[in-house]
Trainee: 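Below are the structure tokens for one structure; questions will follow.
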Amino acid sequence: MDGIKYAVFTDKSIRLLSKNQYTSNVESGSTRTQIKHWGELLFGVKVIAMNSHRLPGKGRRMGPIMGQTMHYRRIIITLQPGYSIPPLRKKRT
């Protein structure tokens, strides 16, 4: 699972589970075809649609110096009816 970092559990992503859509964060350099291939290969599912967007990094201050966290990519994968992905573990903090 090189490219898929972790599953996202927000109000919207939980609501999308009823539509057979799964949300996760991936490496920002990943392409859509790579992500689709990883999903089909790792979980044994058929992906019919995929939406992705790049989220900006957040500002972090360390004393007088202002820094940025890295940007990341979030994907929403729609699976064919009858397929599902087992629950992914939440990111540990």
Trainee: I need the minimum non-hydrogen distance between R32 and S52, along with the two atoms involved.
Mentor: NH1-OG, 3.5 Å

Trainee: Do other residues, nucleotides or ligands put more than 12 heavy atoms under 6.0 Å from M62 CE?
Mentor: no

Trainee: Between L17 and F43, is there a shared hydrophobic cluster once you connect ILVMFWY residues whose side-chain heavy atoms come closer than 4.5 Å?
Mentor: yes

Trainee: Below 4.5 Å, heavy atoms only, C-beta onward: do V45 and Y22 meet side chain to side chain?
Mentor: no

Trainee: Shortest non-hydrogen contact from A49 to V47?
Mentor: O-CG1, 3.5 Å

Trainee: Which distance, rounded to the nearest 0.5 Å, do you find between the OG of S30 and the NZ of K5?
Mentor: 8.5 Å

Trainee: In a table with atom names and distances, give each donor-acceptor pair under 3.5 Å that connects a side chain of residues 68-86 to protein atoms at least two apart or in another chain.
Mentor:
{"residue": "Q68", "atom": "NE2", "partner": "G57", "partner atom": "O", "Å": "3.4"}
{"residue": "T69", "atom": "OG1", "partner": "K58", "partner atom": "N", "Å": "2.7"}
{"residue": "T69", "atom": "OG1", "partner": "K58", "partner atom": "O", "Å": "3.3"}
{"residue": "H71", "atom": "ND1", "partner": "R54", "partner atom": "NH2", "Å": "3.4"}
{"residue": "H71", "atom": "NE2", "partner": "R54", "partner atom": "NE", "Å": "3.4"}
{"residue": "R74", "atom": "NE", "partner": "N25", "partner atom": "OD1", "Å": "3.0"}
{"residue": "T78", "atom": "OG1", "partner": "Q21", "partner atom": "NE2", "Å": "3.1"}

Trainee: In Å and rounded to the nearest 0.5 Å, what is the CE to OG1 distance from M50 to T33?
Mentor: 7.5 Å

Trainee: Any side-chain heavy atom of T23 sitting closer than 4.5 Å to one from L16?
Mentor: yes

Trainee: Check S24 against A7 and note the closest heavy-atom contact, atom names and distance.
Mentor: CB-CA, 3.9 Å

